[in-house]
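Throughout, residue positions are numbered sequentially from 1 according to the sequence presented. As the structure is a computational prediction, the values presented were derived from the model and not from experiment.
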Amino acid sequence: MEGYNQDKYAICIGRSFGSGGGEFAKKLSDRLGIPMYDKNILDKAAEDANIRRELFERVDECNNFSIPMVYGAGFSVPSSFFVYTDNYLSNENLFRMQAETIQELARKSSAVFVGRCSDFVLRNHPHLLTIFVSDDQKHRIQRIQERIEDASDMDEARKMMEKLDKERREYYNYYTGGHWGRAESYDLTFRSSIIGMDYAVKHVEELIKHLGFPVNGAHKAQE
């Protein structure tokens, strides 16, 4: 039982690589005055599970790394995970640990969550809005070239875009049984270069009010 509060809401954002989804999430977080969780989810999950962040980093939104560690490896092992697999630090158990962290954060305050199947993890939240941000290949490659030093070459940027999209798609589809990036999987989808970040933020702010989300008094974490 998740035990989410009726006076909190969650916005979960999926994004294709280079679409500007992270930038949109930050702008939305600032506009609404609620926390944003992206890579910092890994820090919190590692702290909660009492294991190294590096282990979450290696399987972050991808399933191409297997961790050959079993019980007795010197880590704290919550008994609730014994039933799932003989490998405590399997990808599936790391996913479950991260999911529990996401759920705990959603119980404490309204928040914006980026990726990591958060829309599926929080699917029973009473006030949930799911969004997917994408864009055409040209604009995505431009963003990647501007922000990542190793991707200044167009071909390298394209390869990086295709690789990260493939990893995110396979990760999402595997753990959720859904379809990453397809419109029917989300409440709202948009192309960032067409809609524009500022307009999208304004639209989402109006939308959550229209949906009756508890925007007043929902921002502070429970003590």
Side-chain angles (χ1 to χ4, degrees), residues 10-31 36-43 45 53-67 91-92 94-95 98-99 102 111-122 129-201 203-204:
I11 301 175
C12 297
I13 300 173
R15 72 281 184 235
S16 55
F17 187 63
S19 65
E23 177 188 349
F24 166 71
K26 180 64 167 61
K27 285 179 175 288
L28 186 61
S29 167
D30 291 343
R31 178 69 173 253
M36 166 188 155
Y37 296 106
D38 191 352
K39 282 281 189 181
N40 49 350
I41 290 175
L42 308 184
D43 297 313
R53 182 189 190 277
E54 174 191 1
L55 300 178
F56 287 99
E57 180 73 35
R58 287 179 176 179
V59 296
D60 187 31
E61 295 193 284
C62 69
N63 279 332
N64 59 10
F65 181 84
S66 295
I67 301 175
N91 290 5
E92 286 76 12
L94 288 170
F95 176 82
Q98 182 173 275
I102 291 171
V112 175
F113 295 90
V114 179
R116 295 161 188 87
C117 301
S118 55
D119 57 335
F120 175 77
V121 172
L122 300 178
L129 179 67
T130 63
I131 301 171
F132 191 86
V133 183
S134 189
D135 209 348
D136 60 84
Q137 188 176 102
K138 175 184 175 182
H139 285 94
R140 291 169 62 195
I141 289 174
Q142 287 178 349
R143 285 194 190 89
I144 295 168
Q145 287 181 296
E146 290 170 358
R147 298 179 186 184
I148 301 178
E149 185 176 346
D150 294 339
S152 57
D153 178 81
M154 183 176 292
D155 288 337
E156 288 301 316
R158 181 180 290 106
K159 289 178 183 177
M160 186 177 294
M161 178 187 70
E162 292 173 350
K163 176 179 182 293
L164 268 293
D165 276 0
K166 181 175 183 291
E167 289 178 353
R168 290 176 179 177
R169 180 181 302 107
E170 291 177 350
Y171 179 87
Y172 183 90
N173 293 353
Y174 176 80
Y175 285 110
T176 71
H179 301 283
W180 180 85
R182 281 170 50 171
E184 62 266 29
S185 298
Y186 307 89
D187 299 322
L188 176 69
T189 63
F190 69 89
R191 282 176 54 182
S192 52
S193 64
I194 298 296
I195 301 300
M197 296 297 181
D198 292 337
Y199 179 83
V201 167
H203 176 72
V204 170

> Which pair of heavy atoms, one from G115 and one from R15, lies closest together, and at what distance?
Replying inline: CA-NH1, 3.5 Å
> Angle class for the Y171/F95 ring planes (parallel below 30°, perpendicular above 60°, tilted otherwise)?
Replying inline: perpendicular
>> Using only atom types and a distance under 3.5 Å, with no angle test, would you say the side chain of N173 pairs donor to acceptor with the backbone of W180?
In response: yes
>> Check this for me, if you would: do K26 and D38 make a salt bridge, where the nitrogen-to-carboxylate-oxygen distance has to be below 4.0 angstrom?
In response: no
>> Is the shortest side-chain heavy-atom distance between F132 and D119 below 4.5 Å?
In response: no
> Are I144 and F17 close enough that some pair of their side-chain heavy atoms sits under 4.5 Å apart?
Replying inline: yes
> If you round to the nearest 0.5 Å, how far is NE2 of H139 from CD1 of I194?
Replying inline: 7.0 Å
> Considering residues at least two apart in sequence or located in another chain, which fulfil the side-chain hydrogen bond (donor to acceptor under 3.5 Å, both in side chains) criterion with E23?
Replying inline: R147
> When rounded to the nearest 0.5 angstrom, what distance separates OH in Y37 from SG in C12?
Replying inline: 12.5 Å
>> Once rounded to the nearest 0.5 Å, what's the spacing between atom CD1 of I13 and atom CG of L188?
In response: 10.0 Å
>> Can you give me the closest heavy-atom contact between T130 and S185, atom names plus distance?
In response: OG1-O, 4.2 Å
> To the nearest 0.5 Å, how far apart are CE in M160 and CD1 in I148?
Replying inline: 5.0 Å
> What are the two closest non-hydrogen atoms of F56 and L42, and how far apart are they?
Replying inline: CB-CD2, 4.1 Å
>> Nearest 0.5 Å, please: how far is OH in Y199 from OG in S192?
In response: 15.0 Å
> Can you list the residues that meet the salt bridge (Lys or Arg N to Asp or Glu O under 4.0 Å) rule with D153, with sequence neighbours excluded?
Replying inline: none
>> Once side-chain hydrogen bond (donor to acceptor under 3.5 Å, both in side chains) is applied, do any residues pair with E170, and if so which ones, sequence neighbours excluded?
In response: K166
> With side chains defined as the heavy atoms from C-beta onward, is the minimum distance between Q145 and R158 less than 4.5 Å?
Replying inline: no
>> So that I can tick it off, tell me whether D30 and K27 are bridged by a salt bridge, with the cut-off set at under 4.0 angstrom between side-chain N and carboxylate O.
In response: no
> If you take all heavy atoms of F113 and I41, which pair is closest and at what distance?
Replying inline: CD2-CD1, 4.2 Å
>> Regarding E61 and Y175, do their side chains bring together a donor and an acceptor under 3.5 Å, going by distance alone?
In response: no
> Would you call D43 and R53 a salt bridge, taking side-chain N to carboxylate O under 4.0 Å as the test?
Replying inline: yes
> For V121 and R116, which heavy atoms make the closest approach, and how far apart are they?
Replying inline: CG2-O, 4.4 Å
> When rounded to the nearest 0.5 angstrom, what distance separates CD in Q98 from CG in L55?
Replying inline: 12.0 Å
> Does S19 use its side chain to pair, donor to acceptor, with the backbone of V133 at less than 3.5 Å?
Replying inline: yes
>> Donor-acceptor check, side chain of D135 to backbone of S193, threshold 3.5 angstrom: yes or no?
In response: yes
> Which atom names give the shortest non-hydrogen contact between F190 and A200, and what distance separates them?
Replying inline: CZ-CB, 3.7 Å
>> Looking at S16, is its backbone amide N or carbonyl O close enough to the side chain of S134 to form a donor-acceptor pair, meaning the two atoms are under 3.5 Å apart?
In response: no
>> If you define the side chain from C-beta out and look only at heavy atoms, does anything of F24 sit under 4.5 Å from V201?
In response: yes
>> Using a 6.0 Å cut-off, check whether atom NZ of K159 has over 12 heavy atoms from anything other than its own residue.
In response: no
